[in-house]
Protein chains: 2
Amino acid sequence: MPQTSAPRKTLGRPPRISREEVVTTARRIVDAEGVHRLTMRRLATEIGSTPMALYHHVRNKEELLVLLLDDYAARTLHRPELPAQPRERVIAAAATIHEALAACPWIVEVLTADDLMATSALWFVEQIVDGLIECGLPSERAVHGYRAIWYYTAGEIVVRATAGRRRTDDTRPTYREQVFTDLDPTELPRLAQVADHWSSLTAEDTYVDGLRALVDGLLAPR
Amino acid sequence: MPQTSAPRKTLGRPPRISREEVVTTARRIVDAEGVHRLTMRRLATEIGSTPMALYHHVRNKEELLVLLLDDYAARTLHRPELPAQPRERVIAAAATIHEALAACPWIVEVLTADDLMATSALWFVEQIVDGLIECGLPSERAVHGYRAIWYYTAGEIVVRATAGRRRTDDTRPTYREQVFTDLDPTELPRLAQVADHWSSLTAEDTYVDGLRALVDGLLAPR
DNA sequence: ACCTGAACACCGTTCAAGT
DNA sequence: ACCTGAACACCGTTCAAGT
């Protein structure tokens, strides 16, 4: 009988850096200076190695970003007590995902670089689909409903992150502000009417209100 | 009396390229090869000039992208006949914007690089806000309603564009496919139940269905 | 006023070689 | 097996000078 469970004989030189170290260091850079400062070269220097060493631990930069998202979700997306009432469970599950994403502005780059399907987020997807089914939707409509909720949520994150990015580095009026001051009230009367309040209205966080409306609409008969 | 409307004496050498030519050439590159192939250097070569000449006509690359979006909206976003019934007008206006964006996959880069407020899109915003007000919403809630619709629409575009980008260059299973085959049916029963249909369900275009649900929910009493 | 050339300070990734 | 050095083929933008 050949010897079993012998430690696999590892040929060649032993690893000096690990995939985990790569991801952890990448996270530190992103948290401290933003995702745009994460480059393979910078990461290599930070880790005390060369750019090419990284490619033995991650396939390329895109994979690194996905790993980063997974890592972030696993650390911060904890399962809360959800309401028993199914409609409220849908709301709460979506709001929890939304909250985690909103606290993580660099996520937008990854959202648009891969579909968001971190393993740790699946439980929330389950809760949403299940809640919609319990409310009486057939399973296909529940999946479509989940998609609509995801579109709404991802859109809110992307639009807000973008608006936030603009504000920091520039004092001149944004394109939108310019557009609103140049508004022709005979052609666009409603917009002219609300122009003064537009900025403060859009600054309000109405994510959950919109979410409730969407879920109500999804669950309404017909 | 000093002479009026004399052509302003233009000192220095006459321009050889115009802002319009810059934008038009940029559009040609983007349409033909995608937004990731649009670089200042490439654009300069295409236009028969040097990178730095461009900076006399656009402030920087980001401004160029915004100009490109404006140009696209002005050319393709024509005002359709909208239904008289206000709720249907809201739906139709949002669906028209959505259609224009969906036909233009490079838009995602710009969506996440600046807020979308092309002048030619304002008329649609007006229609949506006005429709919601006519349906009985106070103007603040109408603005919030428009925001929710915009989140949903932008999210749909971003998520779909991303999913589409994945498929072209790679034959190995996506991360999502992997996740769904590895699903534990005791932990995530609903997802396991729909796992086989997930891909085809998400491939369906349910934008308008979700939009109707959202608008219904926004207009429902309470 | 407009355009050019050279330079600055970077990128992600491949390839061939070293240990 | 893992890591290194050098190179490839690029970026956006600034600066100083030319016409």
Side-chain angles (χ1 to χ4, degrees), chain A residues 6-26 29-30 33-68 106 109-110 112-114 165-166 169-170 172, chain B residues 6-26 29-30 33-68 106 109-110 112-114 165-166 169-170 172:
Chain A
R8 203 171 72 76
K9 201 180 175 190
T10 327
L11 296 165
R13 86 204 258 176
R16 291 219 303 230
I17 60 178
S18 66
R19 185 168 167 133
E20 210 202 315
E21 193 184 354
V22 170
V23 173
T24 308
T25 311
I29 295 173
V30 166
E33 303 180 42
V35 74
H36 67 285
R37 295 290 275 273
L38 176 67
T39 69
M40 299 303 267
R41 288 159 190 271
R42 167 76 192 280
L43 179 53
T45 328
E46 202 91 338
I47 222 169
S49 187
T50 62
M52 275 320 296
L54 305 176
Y55 285 86
H56 285 270
H57 303 276
V58 300
R59 190 193 297 261
N60 50 32
K61 194 180 176 181
E62 189 171 325
E63 192 186 68
L64 176 61
L65 287 173
V66 174
L67 289 173
L68 221 43
W106 56 269
E109 318 283 326
V110 187
T112 62
D114 200 322
R165 194 154 46 182
R166 296 250 85 202
D169 52 332
D170 220 317
R172 62 203 159 114
Chain B
R8 202 170 73 73
K9 203 181 175 188
T10 326
L11 296 166
R13 85 205 257 175
R16 290 218 303 226
I17 59 178
S18 67
R19 185 168 169 135
E20 209 203 316
E21 192 183 356
V22 170
V23 174
T24 307
T25 312
I29 295 173
V30 166
E33 303 180 43
V35 74
H36 67 285
R37 295 290 277 274
L38 178 65
T39 69
M40 298 303 267
R41 287 159 190 271
R42 168 75 194 282
L43 180 53
T45 328
E46 202 90 339
I47 224 169
S49 186
T50 64
M52 274 320 296
L54 305 176
Y55 287 85
H56 285 272
H57 303 277
V58 299
R59 189 192 299 258
N60 51 30
K61 194 180 177 182
E62 189 172 326
E63 191 185 68
L64 175 61
L65 287 173
V66 174
L67 289 174
L68 222 42
W106 56 269
E109 319 283 326
V110 186
T112 62
D114 200 323
R165 193 155 46 183
R166 296 249 87 201
D169 51 332
D170 219 320
R172 61 203 160 115

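Because the structure is predicted, anything quoted here is derived from the model rather than measured. Chain naming here is simple, since letters A, B, ... match the order of the sequence lines and numbering starts at 1 in each.
Nucleotide C/dC2 is matched to D/dG18 when pairs are restricted to Watson-Crick or G-U wobble geometry with both distances under 3.5 angstrom. The base-pairing partner of D/dC8, taking Watson-Crick or G-U wobble contacts with both distances under 3.5 Å, is C/dG12.
Projected onto DNA chain D by closest heavy-atom contact, A/His56 and A/Arg41 fall at different nucleotides, the more 5' of which corresponds to A/His56.
If you take CZ of B/Arg42 and P of C/dC11, they are 24 Å apart, rounded to a whole angstrom. For the pair A/Met40 CE and C/dT13 C1', the computed distance is 9 Å after rounding to whole Å. As rounded to whole Å, 14 Å separates atom C1' of C/dC3 from atom CD of B/Glu21. In this structure, B/Leu64 atom CG and D/dC11 atom P are separated by 14 Å, rounded to whole Å. Distance CD (A/Glu63) to P (C/dT13): 11 Å, rounded to an integer number of Å. C/dC2 atom C1' lies 9 Å from atom CD1 of B/Ile17, rounded to whole Å. Going from atom CG of A/Leu43 over to atom P of C/dG12 covers 10 Å, rounded to whole Å. A/Leu54 places its CG atom 19 Å from the P atom of D/dA1, with the value rounded to the nearest Å.
The same atom, C1', is picked in C/dA1 and in D/dA17; the two are 15 Å apart, to the nearest Å. If you take atom C1' in C/dC3 and the same atom in D/dA16, they sit 13 Å apart, rounded to whole Å.
Contact between the side-chain N/O atoms of B/His57 and the OP1/OP2 oxygens of C/dC3 is found at a separation under 4.0 Å. OP1 or OP2 of D/dT13 sits under 4.0 Å from a side-chain N or O of B/Tyr55. Within the structure, every side-chain polar atom (N or O) of A/Arg59 is placed at least 4.0 Å from both OP1 and OP2 of C/dT13. Residue B/Ser49 places none of its side-chain N or O atoms closer than 4.0 Å to OP1 or OP2 of C/dC3. Phosphate contact (OP1/OP2 of D/dT4, side-chain N/O of A/Arg16, threshold under 4.0 Å): present.
The 12-atom threshold is not exceeded at CD of A/Glu20, counting heavy atoms of other residues, nucleotides or ligands nearer than 6.0 Å. In A/Glu21, the CD atom is crowded: over 12 heavy atoms of neighbouring residues, nucleotides or ligands sit closer than 6.0 Å.
For B/Lys61, taking side-chain heavy atoms from C-beta onward, the closest of the listed nucleotides C/dC15, C/dG12, D/dT13 is D/dT13. Taking every side-chain heavy atom of B/Met52 into account, C/dA6 is the closest of D/dC3, C/dT13, C/dA6. Residue B/Thr39 has its side chain nearest to D/dC11 when only C/dT13, C/dC11, D/dC11 are considered. Checked against D/dC3, C/dC11, D/dT13, the side chain of A/Pro15 finds its nearest nucleotide in D/dC3.
Between the NZ atom in B/Lys61 and the CG atom in B/Leu54 there is a gap of 11.5 Å [rounded to 0.5 Å]. In this structure, OG1 on B/Thr24 lies 8.5 Å from CD1 on B/Ile47, to the nearest 0.5 angstrom. Expressed to the nearest 0.5 Å, how far CD of A/Glu63 lies from CZ of A/Arg19 amounts to 5.0 Å.
Remark: the backbone N or O of A/Val22 is not paired with any side-chain donor or acceptor of A/His57 at under 3.5 angstrom.
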